[in-house]
Engineer: 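This is the structure I want to talk about, given as structure tokens.
Note that this is a predicted model, so its numbers are computed, not measured. The first residue of the sequence shown is numbered 1, and numbering continues consecutively from there.
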Amino acid sequence: MGDTTVTTPGGRAEAVRRPVAAGPGPGPLGRFRTPRAPRLWFEILLIAVSYWTYSLVRNAVPEQRGKALRNADWIWQAEHHLGIAVERSVNHAVNSASWLIVGMNYYYATLHFVVTLGVLVWLYRSHPGRYAATRLALFATTAVALVGYYLYPLAPPRLMTGGHFIDTVLVHQTWGSMASGDLKHMSNQYAAMPSMHIGWSLWCGVTIFALARVPWVRVLGALYPVATLVVIVATANHFWLDAVGGALCLAFGFTVARLWYGALPYALPRRVPARNRDGDAGDPPPKALSATGTGRRAA
């Protein structure tokens with residue numbers, strides 16, 4: 001993983017400019033596969049365009065109601081055979097506590113976006129060397145989910161015929177479900193598999209747990225996807241198996257990032273050289289030099 005001995009200041013600077021992950025070679029492709037300091041304007045534009053494209057494609061997937069309901073029946077029966085069909089019991093139990101289910105409705109509607117954007121901002125500010133690779137894992141996770149929405153339309157439990165699930169947003173008249181009430185025509189109601197609430201929350205949880213230094217923050221990171229799993233089931237927006245689909249999508253996303261950068265995002269250096277006016281990495285700052293003072297790259 002790079003040179004282990006550096007004899008001159010110029011050679012030391014060159015060592016920092018080289019790709020820090022195993023795999024990227026010389027040339028334009030290697031340049032793009034080398035972690036570089038992110039640019040704020042580009043990241044804002046990229047995230048905005050990417051989410052707009054994701055929403056456009058997701059909502060353009062044909063709403064195959066009949067197939068989606070049949071798939072929901074199959075999932076429900078499969079869970080009964082596996083002994084994990086507890087969604088309806090959880091849904092009814094939590095719905096009996098109005099304050100709790102209303103809180104979960106707003107959790108489902110807001111934290112999915114707020115926490116994910118918050119983690120991206122934290123990575124941008126505190127872990128710029130790992131930002132691009134971790135963001136790539138998130139984007140690849142979301143992209144492969146679109147394939148699932150197209151190939152396997154699935155109705156959420158609350159829309160099942162004869163499922164006896166409670167649509168908690170409608171019952172308690174809370175804001176937030178893009179598939180209920182006046183907002184239902186703005187979102188594909190039958191894009192429940194995989195669950196990106198789980199895919200994104202796992203991405204947030206793993207990232208926080210891997211990179212945070214404060215123990216209680218790491219604990220919160222680990223608990224966040226667990227709480228999200230309870231919420232998506234209690235509000236009857238997903239089956240347990242939708243969560244499995246979201247986790248598999250995340251595994252795909254991290255595999256893409258690993259193949260592109262030659263290392264998992266969290267194994268990359270925390271800091272990278274700043275860009276010069278041409279957009280390339282310039283001379284490394286003093287901290288970057290001191291981190292490789294013995295010629296061996298810091299983990």
Side-chain angles (χ1 to χ4, degrees), residues 16 19-21 23-24 31-54 110-145 196-228 246-247 249-275 279-282 284-285 287-288 291 297-299:
V16 176
V20 295
R31 175 173 173 267
F32 283 111
R33 296 175 67 190
T34 301
R36 295 178 295 168
R39 291 167 291 187
L40 181 60
W41 68 267
F42 176 78
E43 294 303 325
I44 293 176
L45 180 63
L46 179 63
I47 291 171
V49 171
S50 298
Y51 185 73
W52 176 80
T53 303
Y54 164 75
T110 59
L111 291 192
H112 179 52
F113 304 102
V114 173
V115 176
T116 304
L117 287 174
V119 172
L120 282 169
V121 171
W122 173 60
L123 283 170
Y124 177 88
R125 292 176 58 87
S126 301
H127 298 267
R130 297 160 179 157
Y131 174 87
T134 314
R135 184 246 292 142
L136 175 61
L138 177 65
F139 280 22
T141 297
T142 306
V144 76
M196 279 299 93
H197 271 75
I198 291 299
W200 288 14
S201 66
L202 272 175
W203 176 86
C204 292
V206 170
T207 300
I208 293 171
F209 188 82
L211 299 180
R213 296 180 178 180
V214 181
W216 66 266
V217 174
R218 299 183 71 201
V219 171
L220 286 180
L223 291 177
Y224 175 53
V226 177
T228 301
C249 288
L250 182 66
F252 173 83
F254 275 114
T255 299
V256 170
R258 171 67 176 81
L259 292 175
W260 183 256
Y261 285 98
L264 287 173
Y266 313 127
L268 296 172
R270 180 178 181 180
R271 301 285 180 182
V272 289
R275 298 171 183 266
D280 297 324
K287 289 184 179 180
R297 189 186 329 106

Engineer: Kindly compute the distance separating OG1 (T228) from CG (L223), expressed to the nearest 0.5 Å.
Structural biologist: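 Nearest 0.5 Å value for the OG1-CG distance: 10.5 Å.
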Engineer: Kindly determine whether I208 and L220 satisfy side-chain contact (heavy atoms from CB on, under 4.5 Å), including the steps that lead there.
Structural biologist: CA-CA 8 Å; I208 293 171; L220 286 180; over 6 Å; no
Engineer: With sequence neighbours excluded, what pairs up with F252 under the side-chain contact (heavy atoms from CB on, under 4.5 Å) test?
Structural biologist: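 side-chain contact (heavy atoms from CB on, under 4.5 Å) list for F252, sorted by chain: A140, V144, V256.
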Engineer: State, yes or no, whether a side-chain contact exists between P265 and R135 at a heavy-atom distance under 4.5 Å.
Structural biologist: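 Not touching, per the 4.5 Å side-chain cut-off.
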Engineer: L264 and R258: which non-hydrogen atoms are nearest, and at how many Å?
Structural biologist: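 Between these two residues, the closest heavy atoms are N-CD, 3.4 Å.
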Engineer: My understanding is that only residues two or more places apart in sequence, or in another chain, count here; which of them pass side-chain contact (heavy atoms from CB on, under 4.5 Å) with T53?
Structural biologist: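 Scan of T53 (side-chain contact (heavy atoms from CB on, under 4.5 Å), adjacent residues dropped) gives V49, V57.
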Engineer: Ring pair (Phe, Tyr, Trp, His ring centres under 6.0 Å) with F139: which residues, sequence neighbours excluded?
Structural biologist: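 For F139, no residue satisfies ring pair (Phe, Tyr, Trp, His ring centres under 6.0 Å) once neighbours in sequence are set aside.
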Engineer: When you check the side-chain N and O atoms of W200 and T142, is any donor under 3.5 Å from an acceptor?
Structural biologist: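 Their side chains do contain a donor-acceptor pair, which is all the 3.5 Å distance test asks for.
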Engineer: Minimum heavy-atom separation for A133 to A257, with atom names?
Structural biologist: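 Looking at all heavy atoms of both residues, the shortest contact is O-CB, 3.6 Å.
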Engineer: Taking atom CG of L136 and atom OH of Y131, what is their separation to the nearest 0.5 Å?
Structural biologist: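 It comes to 11.5 Å.
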Engineer: For P225, which residues count as a side-chain contact (heavy atoms from CB on, under 4.5 Å) partner, sequence neighbours excluded?
Structural biologist: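 Scan of P225 (side-chain contact (heavy atoms from CB on, under 4.5 Å), adjacent residues dropped) gives S201, L202.
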Engineer: Would you mind reporting whether M196 and C249 have side-chain heavy atoms less than 4.5 Å apart?
Structural biologist: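 Yes - at least one pair of side-chain heavy atoms lies under 4.5 Å apart.
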Engineer: With ring pair (Phe, Tyr, Trp, His ring centres under 6.0 Å) as the rule and sequence neighbours excluded, what pairs involving residues 202-223 come up?
Structural biologist: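 Listed once each, the pairs would be none.
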Engineer: According to side chain to side chain donor-acceptor pair (under 3.5 Å), does anything in residues 111-125 pair up with another residue at least two apart or in another chain? List the pairs.
Structural biologist: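 Pairs touching residues 111-125 that pass the test: none.
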Engineer: Give a yes or no on whether the backbone of L123 and the side-chain of R130 come within a donor-acceptor separation of less than 3.5 Å.
Structural biologist: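 Such a contact is absent between R130 side chain and L123 backbone.
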Engineer: Ignoring hydrogens, what is the shortest heavy-atom contact between I198 and A247? Give both atom names and the distance.
Structural biologist: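 Minimum heavy-atom contact is CG2-N, 4.4 Å.
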Engineer: Report the distance from atom CG of L46 to atom CH2 of W41, rounding to the nearest 0.5 Å.
Structural biologist: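 The distance works out to 10.0 Å.
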Engineer: If I compare all heavy atoms of L268 with all of A263, which pair ends up nearest, and what's the gap?
Structural biologist: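 Heavy atoms of L268 and A263 come nearest at CD2-CB, 4.0 Å.
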Engineer: Rounded to the nearest 0.5 Å, how far apart are CG of L117 and SG of C204?
Structural biologist: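 That separation rounds to 9.0 Å.
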Engineer: Is the shortest heavy-atom distance from the side chain of V119 to the side chain of L138 under 4.5 Å?
Structural biologist: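 A side-chain contact is absent here, since even the closest heavy-atom pair is not under 4.5 Å.
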